[in-house]
Amino acid sequence: MSDAIDWARVRAAFPILDQQVSGWPLIYFDNAATSQKPRPVIEALVRHYERDNANVHRGLHELSRRSTDAYEAARATVARFLGAAHPEEIVFTRGTTESVNLVAQVWAERFLKPGDAVLVTAMDHHSNLVPWQLAVRRAGAVLKWVPVTDTGTLDLDALDALLTPEVRLFAFVHISNSLGTLNPAADLCRRARAHGITTFVDGAQSAGHIPVDVRALGCDFFAFSGHKMGAPTGIGALYGRREVLETMPPWQGGGEMIHRVTLEESTFKAPPARFEAGTPNVAGAVGLAAAVDFLEALGLPAVAARDDALTRHALERLESIPGLRVLGPAAPRGSLVSFSLDGVHPHDLVTFADTRGLALRGGHHCTQPLLRRFGVPATTRASFYFYNTPEEIDRMVEILDEARRFFAP
Ligand code: PLP
């Protein structure tokens, strides 16, 4: 695993990683749930609160100008990061969940009619499933889904038959948080577009891990969460193609999203302001821009290659553990590995690992239908980011093997 970047130096920028847990060096393999934050992101937050903090847009004083400039500069940074054509195509949200709910409420209110259908996949996170269930129920529409094959890929042979005239929107996960499957997003969008179907990509596990270019993907919407890519919690974004955002009515009402208000009625600003009622998470946006700058300084292709090398190493080393079964395809996949270990419940395994300073995650990973499809109530998941090391993976394998022997009947 050799390349031009000194990954040990990169890792040193993440202060939280340098600590002991249960008397052991911390090994943080819960990155798919949330990532750790590099010092430049933490410093950007501190600098914002120590120097620039004020409310945005409506102030005429220096600090408000600085905060507004930083907030709008962060929007431009996110637009560049996603390859969007215009900063106005970026709506700041709390993260992926809020982005999906925004579209499932606002877009669906305007475009979803009784008898229409929304297409999802059987591997979607609850965040990209439940809001659509609610949307179709409100509209009198129906939900359909693309099945998943035994190897953990989307059943693409079934797709064409599912792209019927009733389908108005196709929402799918870019990288599955449970299986690791990397879906062929550009191809899925192309096939949906050929039928005039609007597309929504859940990029929670792809943004910040692989290069993303929304125009190359050809999607109408793309959602991601900052906290999974080095930024603070509580900030993320929704990309919406300008022509689509402009057709959508407002979401929440309040300050900042209006032009003129009388006691009877209001007129509304153009996107993205139309969808950002109230005081936004200014510090979060500043932190998100700092995280994007950090990732872009490394280069997304280098981050993706590092993630991939770690994942390959894990897949190879995990083969040595008797009774361990990895879910999902061999490739292409994101930087996480979900597995079951014969005779050991994931919660017991994760608790055992914690006593050795190893942070894993066990459960249904907010994908209950998917795990039901594979006949397991839960899995154990190890998820990596570029600051992890092959040595940490070797140590994980030792700990898992120790657990296997500990729990053996
Ligand atoms: N979609 C996927 C694939 C995820 O992995 C997650 C979080 O784990 C989400 C959506 C929801 O993200 P958030 O909780 O940041 O809104």
Side-chain angles (χ1 to χ4, degrees), residues 28-37 78 91-105 120-135 145-146 148 152-154 170-185 188 199-210 212 217 219 221-239 251 281 284-285 287-288 291 307 311 327-328 332-338 350 359-371 373 378-385:
Y28 186 78
F29 283 171
D30 198 16
N31 294 287
T34 200
S35 66
Q36 300 304 349
K37 322 302 171 198
V78 172
V91 181
F92 282 120
T93 63
R94 280 197 297 124
T96 308
T97 303
E98 190 169 82
S99 298
V100 182
N101 277 281
L102 193 166
V103 178
Q105 287 174 33
V120 293
T121 81
M123 67 167 75
D124 272 288
H125 188 282
H126 296 166
S127 292
N128 198 30
L129 172 61
V130 181
W132 299 115
Q133 292 175 340
L134 296 172
W145 49 90
V146 183
V148 172
T153 56
L154 289 180
F170 180 23
F172 61 88
V173 68
H174 199 178
I175 293 179
S176 159
N177 65 304
S178 273
L179 301 175
T181 315
L182 168 61
N183 286 319
L188 296 178
T199 49
F200 186 109
V201 181
D202 170 354
Q205 297 295 341
S206 59
H209 284 266
I210 58 173
V212 168
L217 289 179
C219 57
F221 296 105
F222 183 96
F224 75 94
S225 302
H227 71 95
K228 293 184 194 285
M229 44 168 274
T233 48
I235 187 75
L238 169 70
Y239 157 81
W251 184 32
N281 183 355
L288 176 57
D307 271 11
T311 310
L327 272 74
R333 56 156 61 232
S335 55
L336 60 96
V337 181
S338 231
V350 171
L360 299 173
R361 185 156 291 254
H364 54 62
H365 316 297
C366 298
T367 54
Q368 288 183 16
L370 181 65
L371 292 204
R373 156 75 180 79
T379 70
T380 305
R381 183 181 72 187
S383 52
F384 317 114
Y385 211 7

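Note: hydrogens, waters and symmetry copies are ignored here, and every other heavy atom, side chains too, is used. Atoms within a ligand are numbered from 1 in the order they appear, just like the ligands themselves. In this text, all values refer to a predicted model and were calculated from it rather than measured experimentally.
- Distance alone, capped at 3.5 Å, is enough to place a donor-acceptor pair between the Lys228 side chain and the Ala33 backbone.
- Phe222 and His174 have perpendicular rings, their planes meeting at more than 60° on a 0 to 90° scale where under 30° would count as parallel.
- Scanning all protein heavy atoms for the shortest distance to atom 1 (N) of ligand 1 gives Asp202 OD2, 2.6 Å.
- For atom 12 (O) of ligand 1, the closest non-hydrogen atom on the protein side is Ser225 OG, 3.6 Å.
- Between Arg94, Met123, His125, His126, it is His125 that holds the heavy atom closest to atom 6 (C) of ligand 1.
- Counting atoms of ligand 1 from 1 in the listed order, those under 4.0 Å from a heavy atom of His227 are 15 (O).
- If you check the side chains of Thr34 and His227, you find a donor sitting under 3.5 Å from an acceptor.
- Within the listing of ligand 1, atoms 11 (C), 12 (O), 13 (P), 14 (O), 16 (O) sit less than 4.0 angstrom from a heavy atom of Thr97.
- Side-chain atoms of Thr121 come within 3.5 Å of backbone N or O of Met123 as a donor-acceptor pair.
- Assignment of Val173 to the shell around ligand 1 is supported, since a heavy atom sits closer than 4.0 Å.
- Checked by distance only, ligand 1 and Lys228 come closer than 3.5 Å through their nitrogen or oxygen atoms.
- The shortest N or O to N or O distance between Gln205 and ligand 1 is below 3.5 Å.
- Heavy atoms of other residues, nucleotides or ligands lying less than 6.0 angstrom from CH2 of Trp145 number 12 at most.
- Side chains of Ser99 and Thr93: a donor-acceptor N/O pair is present below 3.5 angstrom, by distance only.
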